[in-house]
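Have a look at the structure below before the remarks.
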Protein chains: 2
Amino acid sequence: MELNEKQIQILKVAEKLFAENGFDGTSVRNIAKEAGVNLAMISYYFGSKEKLLSTLLLYRMADFKIQINTVLSEDRGFIEKAEAIVGLAIKRIHRNRRMYKIVHFEYSNLSRNVNFNQYVEKKKENFKVIEVFIKEGQEAGVFSKNVNIPLMFSTITGTYFNFYYNKRFFQDMHNLQGEASIDDYIFNILTPHVQRTIKALLTYEE
Amino acid sequence: MELNEKQIQILKVAEKLFAENGFDGTSVRNIAKEAGVNLAMISYYFGSKEKLLSTLLLYRMADFKIQINTVLSEDRGFIEKAEAIVGLAIKRIHRNRRMYKIVHFEYSNLSRNVNFNQYVEKKKENFKVIEVFIKEGQEAGVFSKNVNIPLMFSTITGTYFNFYYNKRFFQDMHNLQGEASIDDYIFNILTPHVQRTIKALLTYEE
DNA sequence: GTTTAATTTAAACAATCGTTTAATTTTGCA
DNA sequence: TGCAAAATTAAACGATTGTTTAAATTAAAC
């Protein structure tokens with residue numbers, strides 16, 4: 001898959017509009033207009049609207065994998081590493097929030113003819129990496145046993161997206177105006193909350 | 001707002017289809033056909049497709065408020081009460097999962113002309129009730145300070161919905177077939193995970 | 001039983017949808 | 001410069017969209 005600049009421009013506009021208005025709420029004419037290209041170019045480049053979504057999915061998937069090698073190799077305790085990993089995870093989720101939102105809605109839409117295999121594989125890879133780290137922490141006696149790793153991921157990602165899907169509510173509640181103050185909230189309030197939650201969960205003994 | 005049986009039938013079908021295929025992915029003809037009513041009846045009863053969504057929102061909103069009075073009045077410890085409240089919350093979220101999914105997508109869709117004020121108010125009421133309970137627990141020395149209550153809600157609701165939005169993934173991973181085994185997973189695996197997480201968070205001291 | 005109101009229906013409305021066509025322009029290479 | 005391939009365009013396609021209409025049917029009131 002080799003994409004030229006114009007194709008990438010179309011993909012980025014499509015990602016924005018799909019995330020804002022949904023796949024069905026976005027017309028190819030909307031995309032073409034905002035991307036500044038002729039309507040027919042989308043069929044010409046991607047074949048169809050659904051294939052455009054599939055291409056977008058593949059294009060963005062490269063960024064779905066957690067990059068925690070540097071964190072793991074550092075000389076820090078398990079708790080500090082867990083904290084750092086959560087921080088990295090939220091950064092990556094926030095960067096890919098639009099793509100995640102699209103996946104959340106379209107992945108559970110059975111009538112959609114889009115291939116999500118790559119998404120599933122990336123997710124499984126992420127679990128494997130974290131699983132190894134947590135088992136090491138358990139053997140070292142730092143982390144408690146019986147932590148459900150897929151659900152721990154759900155807690156991290158889910159907390160972020162429940163904020164994101166209720167953004168207007170949180171904006172109203174905390175007087176957050178503009179993208180910058182939302183980013184501030186995510187990195188200064190939400191991230192510490194999730195870090196605290198995961199640290200608590202990983203060390204909790206009944 | 002008084003709805004007859006046929007109107008409620010239409011609302012229920014609309015809720016199902018909106019949740020499955022999105023608001024824009026559902027046509028009024030789809031709704032009319034599945035509800036077994038004439039196409040024009042929807043305009044006749046509700047005025048428009050958007051007003052149908054507004055009516056649905058109001059109709060379902062009654063069930064959004066947490067009912068925890070019985071739990072709070074029981075003679076149990078704060079930890080056990082917190083556990084029970086989380087269990088009730090997940091039950092309620094699961095029961096209203098379709099409505100929540102619709103709200104998640106449409107509430108962040110700015111072009112949609114739907115009134116979400118009632119949704120926001122119900123959310124705030126829920127926070128107030130929980131806030132009182134947690135402050136009591138803090139004063140009793142059981143719960144640790146500095147818990148962000150709206151974000152704790154996000155953690156509960158978010159964990160559930162990250163599971164729900166990746167249902168196909170979890171089904172594949174754990175061989176869950178049919179609605180019954182999904183319900184089993186939610187009540188026997190997911191709910192204990194969230195209860196454990198919240199208990200850990202509420203008692204965590206750095 | 002008659003009349004008025006409420007309900008239900010099929011048909012039509014204009015607008016928009018995704019996609020295709022065929023003609024034109026631009027590009028890259030000999 | 002000439003020519004074939006690639007890119008771009010405006011226009012049209014049939015299908016589907018939400019909504020309205022006006023006529024037909026049923027229910028309720030007197």
Side-chain angles (χ1 to χ4, degrees), chain A residues 1-59 102 105-106 109-116, chain B residues 1-59 102 105-106 109-116:
Chain A
M1 185 180 56
E2 22 193 317
L3 302 165
N4 61 41
E5 270 192 43
K6 189 164 275 189
Q7 286 173 304
I8 291 173
Q9 157 76 354
I10 294 172
L11 287 179
K12 285 183 178 173
V13 170
E15 181 183 48
K16 175 175 171 283
L17 294 179
F18 286 162
E20 279 175 4
N21 310 313
F23 182 79
D24 289 309
T26 306
S27 73
V28 289
R29 282 173 179 81
N30 293 150
I31 299 168
K33 192 175 182 185
E34 188 143 335
V37 302
N38 187 277
L39 167 66
M41 294 305 293
I42 289 169
S43 293
Y44 178 73
Y45 275 138
F46 302 100
S48 70
K49 190 186 172 188
E50 258 183 358
K51 282 179 187 165
L52 165 67
L53 175 56
S54 293
T55 307
L56 172 61
L57 203 59
L58 281 172
Y59 173 67
I102 297 167
F105 283 71
E106 302 306 329
N109 186 336
L110 298 174
S111 64
R112 196 75 68 210
N113 190 16
V114 172
N115 192 340
F116 288 98
Chain B
M1 184 181 58
E2 25 192 315
L3 302 165
N4 61 40
E5 270 192 46
K6 188 164 277 190
Q7 286 173 303
I8 291 173
Q9 157 78 352
I10 293 172
L11 288 179
K12 286 184 178 174
V13 169
E15 182 183 47
K16 175 176 170 284
L17 294 179
F18 287 162
E20 279 175 4
N21 310 312
F23 181 80
D24 289 310
T26 306
S27 72
V28 289
R29 283 172 180 81
N30 293 150
I31 299 169
K33 192 176 181 184
E34 189 144 333
V37 301
N38 187 278
L39 168 66
M41 292 306 291
I42 289 170
S43 293
Y44 178 73
Y45 275 138
F46 301 102
S48 70
K49 190 186 173 188
E50 256 183 359
K51 282 180 187 165
L52 166 66
L53 175 57
S54 292
T55 307
L56 172 61
L57 204 60
L58 281 173
Y59 173 65
I102 297 167
F105 282 71
E106 303 305 329
N109 186 337
L110 298 173
S111 64
R112 197 73 69 211
N113 189 17
V114 173
N115 191 340
F116 288 98

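Note on naming: letters A, B, ... go to the chains in the order of the sequence lines (proteins, then strands), and numbering restarts at 1 for each one.
- If you check every strand for non-hydrogen atoms under 4.0 Å, I42(A) touches nothing.
- Note on S27(A): every side-chain N or O is 4.0 Å or more away from OP1 and OP2 of dT16(C).
- For K33(B) and dT8(C), the NZ to P distance is 20 Å, given to the nearest whole Å.
- Across every strand in view, dG14(D) sits in a pair with dC17(C) that passes the Watson-Crick or G-U test at under 3.5 angstrom.
- Distances from the side chain of S48(A) to the nucleotides dT9(D), dT19(C), dT19(D) place dT19(C) closest.
- Residue-level contact check: K51(B) touches neither bases nor backbone, having no heavy atom under 4.0 Å from any strand.
- Residue contacts shown for S43(A) include a base, since a base heavy atom lies under 4.0 Å away.
- In this structure, the side chain of E50(B) engages the main chain of N113(B) through a donor-acceptor pair within 3.5 Å.
- Residue Y44(A) has its side chain nearest to dA7(D) when only dT8(C), dT19(D), dA7(D) are considered.
- Comparing dT19(D), dA12(D), dT20(D) against the side chain of K49(B) picks out dT19(D) as the nearest.
- Note on Y45(B): only backbone sugar-phosphate atoms sit closer than 4.0 angstrom, heavy atoms only; bases stay farther off.
- Phosphate proximity of dA10(C) to N38(B): present, with a side-chain N or O under 4.0 Å from OP1 or OP2.
- Following rounding to the nearest Å, F23(B) (CZ) and dT17(D) (C1') show an atom-to-atom distance of 12 Å.
- Taking a pair to require two hydrogen-bonding distances under 3.5 Å in either a Watson-Crick or a G-U wobble arrangement, dA28(D) pairs with dT3(C).
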